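Letters A, B, ... mirror the listed sequences (proteins, then strands); counts begin at 1. Note that the coordinates shown come from a computational prediction; the quantities given were computed from them, not determined experimentally.
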Amino acid sequence: MSAPFVSIRNLQNHEGKTVAVRGWLYNRRGSKKLHFLQVRDGTGIVQAVAVKGDDEELFERAGQSGQEASVVVTGSVKLDERAPGGVELKLTDFAEVGAAHDYPLGKKDHGPDFLLSHRHLWLRSRRPTATLRIRDTIIRAIRNHLYQEGFANVDAPMFTPNACEGTTTLFEVDYFDDTKAYLTQSGQLYMEAAALALGKVYCFGPAFRAEKSKTRKHLTEFWMLEPEMAYASLEDAMTLAESLLAAVVGRVLEENRTDLETLERDVSKLEAIVPPFPRIRYEEAAAILKDKTGFKFGDDFGAPDEAAITEGLDKPLLITHWPHEVKAFYMKRDPEDDRWALGVDVIAPEGFGEIVGGGERATDLAFLDSQLKAHDLPEEDFRWYLDLRRYGSVPHAGFGLGLERTVAWICGLQHIREAIPFPRLLHRIYP
RNA sequence: UGGGAUGUAGCCAAAUCGGUAAGGCGUCCGGCUGUUAACCGGAAGAUUGCAGGUUCAAGUCCUGCCGUCCCAGCCA
């Protein structure tokens, strides 16, 4: 009878038993008489120990495989203080499934260009696997939280006939014969339609921006969560963003301690993410910047401005009531002061910057019509959108949350390119 | 797109005032019975991004091109 297959994550539950681990050879150390085979399987890393005297033939075979060869190691599970992770396998059988020679990635010292060019292999390393496991937890926590809050998932189209917001640059694609289509930069307008059908909805998919950004906070393809709620206000959107972020961070703290450790993330910074989050108006934020960054009142906040505003804060900061000039055409104006748009940005602490942007949407048909004209947007493309105000318009609000920025923040990543499996950047579309 | 850096072996990286290419990882050979990115000894591996220029002499100085990184704008 062959040994049962066990995930490395669950090994400590099988002490004394003989089990098999299916994985890849992460590293091999040892001497003429002793091999330490470090095997990874996606759930963890364990070392298998082979002693020459025990079984000469097995010892010989086990010493042949190169780094990242796929292997099945069988052995008895031992708790041993000397083993990394405290558990190891005493090798009783070894099989190489697929050989690997001259694996390109070493165990240390690589530059970002080299690593990104080998992203398909880099994915196997400790940092990427830890990051991707946390990304998975974050996605799951988001969907769970929204499900519990009564949201329905309604996906938006990727091909769109126009610029959703009419601001940023779009990727253009041929759409049969002589029609052009664009890759979506946001599903929000479609979510507004869906919210008027289902009440509380969200979409969670890729978004595309053709801006030639070259910063550590931008990708040309990224994933965005966009909840939208009918009969809701700016306040409701803020409450949701706050509870969602707290739930997500809490879930990662529950499920990914080891991964956070691998990433050397300061966990105390995440444990501080407990509601309520501070809320200030644009005017107050601007006052903080006075004589600090050269910021001009009325402008949007730049990266240095955000850093200065959030300096010393240990929670995300919600900034509301923006000059309507810096926000999108569909933003509702503050009924008490027409200068302000009822928008909210959420700025993550520790300098990670904006992770959420949203607010309350304009409901008045005539107002939106004038906004389209003022922003020079083609009315025929937005006819359907105006219909939403023509037939049973209600107050509604929502926001967009950048998944990779959230992952980068929670994981403590210096660059957003590590927060997505295969980053698409200005000059990088391979692999 | 603008500003600033940078390009040396498969990878990381040093080289003073211009003086004739360190070291480490990996690979190969040898050693080690508990390693933790193991360690010790030995070997192979470089038209110093490309094209020109200055000089007795250029990795080093100059010009152009290319690549990459960082910062900014745009935003999630």
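Residues A156(A) and G187(A) approach most closely at CB-CA, 3.7 Å, considering heavy atoms.
Contacts of K52(A) with the nucleic acid, taken as non-hydrogen atoms under 4.0 Å apart, are absent. Nucleic acid contact class of H101(A) (heavy atoms, under 4.0 Å, all strands): none. Here G302(A) lies in heavy-atom contact (under 4.0 Å) with sugar-phosphate atoms only. Within 4.0 Å (heavy atoms only), R126(A) reaches no atom of the nucleic acid at all. Nucleic acid contact class of H110(A) (heavy atoms, under 4.0 Å, all strands): sugar-phosphate only. Within the nucleic acid shown, L403(A) has no heavy atom closer than 4.0 Å to any nucleic acid atom. Within 4.0 Å (heavy atoms only), T215(A) reaches at least one base atom of the nucleic acid. Contacts of L401(A) with the nucleic acid, taken as non-hydrogen atoms under 4.0 Å apart, are absent. Residue H35(A) is out of contact with every strand shown, counting any heavy-atom pair closer than 4.0 Å.
Proximity of S125(A) to W122(A): side-chain heavy atoms (C-beta onward) are separated by under 4.5 Å at one or more points.
Remark: rG73(B) base-pairs with no nucleotide; criterion is Watson-Crick or G-U wobble with both hydrogen-bond distances under 3.5 Å. If you check rG10(B) for Watson-Crick or wobble pairing at under 3.5 angstrom, you find it paired to rC25(B).
One donor-acceptor pair, N or O on each side, does fall under 3.5 Å between the base of rC74(B) and the side chain of S213(A). Put simply, the side chain of R405(A) and the base of rC75(B) share a donor and an acceptor less than 3.5 Å apart.
Partners of Y202(A) under the ring pair (Phe, Tyr, Trp, His ring centres under 6.0 Å) rule, at least two apart in sequence or in another chain, do not exist in this structure.
Sorted by first then second residue, the side-chain hydrogen bond (donor to acceptor under 3.5 Å, both in side chains) pairs that include residues 14-25 of chain A, not counting sequence neighbours, number zero.
Map G111(A) and W223(A) each onto its nearest nucleotide of RNA chain B; the residue landing nearer the 5' end is G111(A).
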**Report entry** Per-nucleotide protein contact string for nucleotides 26-35 of chain B (B base, S sugar-phosphate only, - none; heavy atom under 4.0 Å)
**Finding:** S----SBBBB
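As a whole-Å value, the separation of H415(A) NE2 from rU68(B) P is 13 Å.
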